[in-house]
Amino acid sequence: MRHATTEKEKRETVKESRREAANREAEILEIERMKKRKTEPATGEVERREIERMEIGKPEIERQESVVKKAETKKEPRVSPATNTSKLLRIERKLNNKDLFMGWYKSGSSSDLRYPRECIAPKIGDVYVHSCKKEGHPKFQLWVRQISRGMTIWVKAHIFHIHPKLLDRRLTLAMTGEPYWSTRQSLSASGSRERAGKIAEMILY
């Protein structure tokens, strides 16, 4: 009996160390992403100045046509397909018995992710679910948006992960991959923990 307990403790220790390593990597990736956002406006300004410099050397008629085209573009802005699909949309659902909403994002591919893709307006407590396949079997990766060592990042999560603000809520997942912040009371209902246990086997850490 003691041997079985020790093996279980070892597995939990390995999982915890993996989560800590993933969170450290998440902090690094989040910092890199923030730096990239800061440099993008400056790069755009340089490109704009370069275009203006080139246009000065154009014949007057071509330059005027360019100005007219720019004015028309400003009147009717268009979103390029790349811009439209680069960030994931926030899915929102009301929490049971609460005047609060939970937000979540989903993505899917044939392989797992190092870190979530860019999302539109993520908030603390939001969930990111990525579906993939491992050795031919469907798997899920979970992250929760929360504060870690002073930074708001996506933290690797697991089934029964505690909500960063609502401490009576635990993270669960339907077989469809849809996340829920369930109360401890609802988890104690007949069969709930058994279903959550099966889902836990499908989570990649």
Side-chain angles (χ1 to χ4, degrees), residues 4-34 36 85-93 95 102-149 151-167 169-184 186-187 191-205:
T5 306
T6 305
E7 286 298 317
K8 185 178 179 181
E9 288 173 352
K10 284 181 180 178
R11 286 197 297 271
E12 290 300 320
T13 303
V14 169
K15 284 183 181 180
E16 188 62 32
S17 61
R18 283 179 182 172
R19 280 196 291 270
E20 288 177 3
N23 290 341
R24 284 195 295 271
E25 185 181 21
E27 290 173 15
I28 294 168
L29 292 170
E30 192 73 28
I31 290 169
E32 288 176 356
R33 189 172 283 177
M34 289 167 65
K36 186 180 177 183
T85 58
S86 60
K87 293 186 179 182
L88 295 177
L89 290 172
R90 188 173 190 263
I91 305 167
E92 212 171 62
R93 183 178 61 248
L95 285 172
M102 73 163 286
W104 64 287
Y105 304 83
K106 63 176 180 178
S107 63
S109 68
S110 58
S111 57
D112 55 337
L113 295 179
R114 284 180 62 204
Y115 193 64
R117 289 169 51 193
E118 282 217 67
C119 303
I120 296 176
K123 299 177 182 179
I124 292 175
D126 281 0
V127 182
Y128 189 107
V129 181
H130 178 72
S131 58
C132 60
K133 285 198 172 182
K134 203 78 170 177
E135 298 175 353
H137 301 289
K139 296 288 182 179
F140 295 104
Q141 288 178 283
L142 296 175
W143 286 269
V144 171
R145 192 75 172 175
Q146 62 186 64
I147 297 172
S148 175
R149 294 195 288 190
M151 281 188 63
T152 304
I153 61 171
W154 289 108
V155 172
K156 274 271 189 181
H158 50 85
I159 296 299
F160 301 144
H161 189 97
I162 301 173
H163 193 287
K165 287 185 175 180
L166 308 172
L167 302 182
R169 297 277 174 162
R170 301 291 184 270
L171 181 62
T172 57
L173 202 69
M175 292 297 290
T176 57
E178 190 170 358
Y180 291 87
W181 285 113
S182 303
T183 61
R184 283 183 291 181
S186 64
L187 288 173
S192 294
R193 285 193 171 271
E194 286 76 8
R195 286 193 296 271
K198 290 179 181 179
I199 287 288
E201 295 174 2
M202 300 172 68
I203 305 300
L204 286 178
Y205 295 106

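If you read the sequence from its start, that first residue is 1, and numbering goes on from there.
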Begin from the C-alpha positions of Ile91 and Glu178 and carry the test side chain to side chain contact (heavy atoms under 4.5 Å, CB included) through to its verdict.
-> CA-CA 10 Å; Ile91 305 167; Glu178 190 170 358; over 6 Å; no

Taking all heavy atoms of Ser148 and all of Val155, pick out the closest pair and write down the distance.
-> CB-CG2, 4.2 Å

State, yes or no, whether a side-chain contact exists between His130 and Ser109 at a heavy-atom distance under 4.5 Å.
-> yes

Are Ile203 and Leu173 side-chain neighbours, meaning at least one heavy-atom pair lies under 4.5 Å?
-> yes

Could you grab the distance from atom CZ of Phe140 to atom CD1 of Ile159, nearest 0.5 Å is fine?
-> 9.5 Å

Rounded to the nearest 0.5 angstrom, the CD1-CZ distance for Ile162 and Arg169 is 13.5 Å

Interatomic spacing from OG in Ser131 to CG in Leu204 - rounded to 0.5 Å = 11.0 Å

Which heavy-atom pair separates Thr183 from Ser186 by the least distance, and what is that distance?
-> O-OG, 2.8 Å

So which heavy atom on Gly125 is nearest to which on His163, and how close?
-> CA-NE2, 3.8 Å

Do the side chains of Pro122 and Trp154 get nearer than 4.5 Å, heavy atoms only?
-> yes

Identify the heavy atoms of Trp104 and Val129 that sit nearest to each other, and give their distance.
-> CE3-CG2, 4.4 Å

Expected output: side-chain Gln141 to main-chain Leu113 donor-acceptor under 3.5 Å | yes

Minimum heavy-atom separation for Lys133 to Gly136, with atom names?
-> CD-O, 4.2 Å

Measure the OH-CD1 distance between Tyr105 and Ile120 for me, rounded to the nearest 0.5 Å.
-> 7.5 Å

NZ on Lys106 to OG1 on Thr176, rounded to 0.5 Å = 8.5 Å

Would the number of heavy atoms belonging to other residues, nucleotides or ligands and lying under 6.0 Å from NZ of Lys139 be above 12?
-> yes

Do Met202 and Met175 have side-chain heavy atoms sitting under 4.5 Å apart?
-> yes

Which pair of non-hydrogen atoms, one from Arg117 and one from Tyr128, has the smallest distance, and what is that distance?
-> N-OH, 3.3 Å

Let me see the working for Val144 and Trp181 under side chain to side chain contact (heavy atoms under 4.5 Å, CB included), right down to the final yes or no.
-> CA-CA 11 Å; Val144 171; Trp181 285 113; 4.0 Å; yes

When rounded to the nearest 0.5 Å, the distance separating CD1 of Ile199 from OG1 of Thr172 is 9.0 Å

Using salt bridge (Lys or Arg N to Asp or Glu O under 4.0 Å) as the criterion, point out the one residue from Arg90, Arg93, Arg145, Lys165 that pairs with Asp126.
-> Arg90

Just wondering, do Leu88 and Ser107 contact through their side chains at under 4.5 Å, heavy atoms?
-> yes

